[in-house]
Amino acid sequence: ILVYDAKRKAIDVVAGQGAAARLATLDHFRARGGIPLRGIEAAAVPALLDACLVTLERHGRRSFAEVAAPTLRI
């Protein structure tokens, strides 16, 4: 995640890299036609959520509940 802070004229980088789940094997993805390029299976979890929470803590003006509310409606 890249965040540009105009006041500081600086870019903050928050990396959400993480290990793949134990069941995310080569055979698992071969059966599905390859590794997905988008969607939940392409995300590293829980590192992705942690990166979002760190970014919200550093740069956000809303609570996690406010930011997550639209997701809960889906």
Side-chain angles (χ1 to χ4, degrees):
I1 299 171
L2 299 174
V3 178
Y4 177 69
D5 184 328
K7 288 182 182 178
R8 294 184 309 133
K9 296 184 180 178
I11 298 171
D12 186 19
V13 179
V14 181
Q17 301 296 318
R22 181 175 44 179
L23 297 177
T25 64
L26 182 57
D27 290 336
H28 170 81
F29 289 116
R30 277 190 179 149
R32 287 163 176 72
I35 297 172
L37 299 177
R38 57 180 77 104
I40 194 69
E41 283 193 320
V45 178
L48 175 62
L49 177 58
D50 183 59
C52 291
L53 293 174
V54 168
T55 303
L56 181 62
E57 181 181 328
R58 290 181 185 173
H59 302 285
R61 294 189 180 97
R62 296 180 184 195
S63 69
F64 177 73
E66 291 174 300
V67 173
T71 304
L72 296 175
R73 287 193 296 270
I74 295 173

Notebook entry, point to check: Only one of V3, L53, T55 forms a side chain to side chain contact (heavy atoms under 4.5 Å, CB included) with V14, so which one is it?
Noted result: T55
Next item on the list: Identify whether L2 and Y4 are in the same connected component of the hydrophobic contact network (ILVMFWY, side-chain heavy atoms under 4.5 Å).
Entry: yes
Note to self: Let me check something: do L49 and L56 share a hydrophobic cluster, defined by ILVMFWY side-chain heavy atoms less than 4.5 Å apart, either directly or through other members?
What the structure shows: yes
Notebook entry, point to check: Of the non-hydrogen atoms in A51 and G16, which two are nearest, and what is the gap between them?
Noted result: CB-CA, 3.6 Å
Note to self: I'd like to check H59 versus D12 (side-chain heavy atoms, cut-off strictly below 4.5 Å). Are they in contact?
What the structure shows: yes
Notebook entry, point to check: side-chain hydrogen bond (donor to acceptor under 3.5 Å, both in side chains) with R73: which residues, sequence neighbours excluded?
Noted result: none
Next item on the list: Quick one: pull up CG in D50 and CD in Q17 and give me the separation to the nearest 0.5 Å.
Entry: 12.5 Å
Notebook entry, point to check: With a cut-off of 6.0 Å (strictly less than), are more than 12 heavy atoms of other residues, nucleotides or ligands near CG of L72?
Noted result: yes
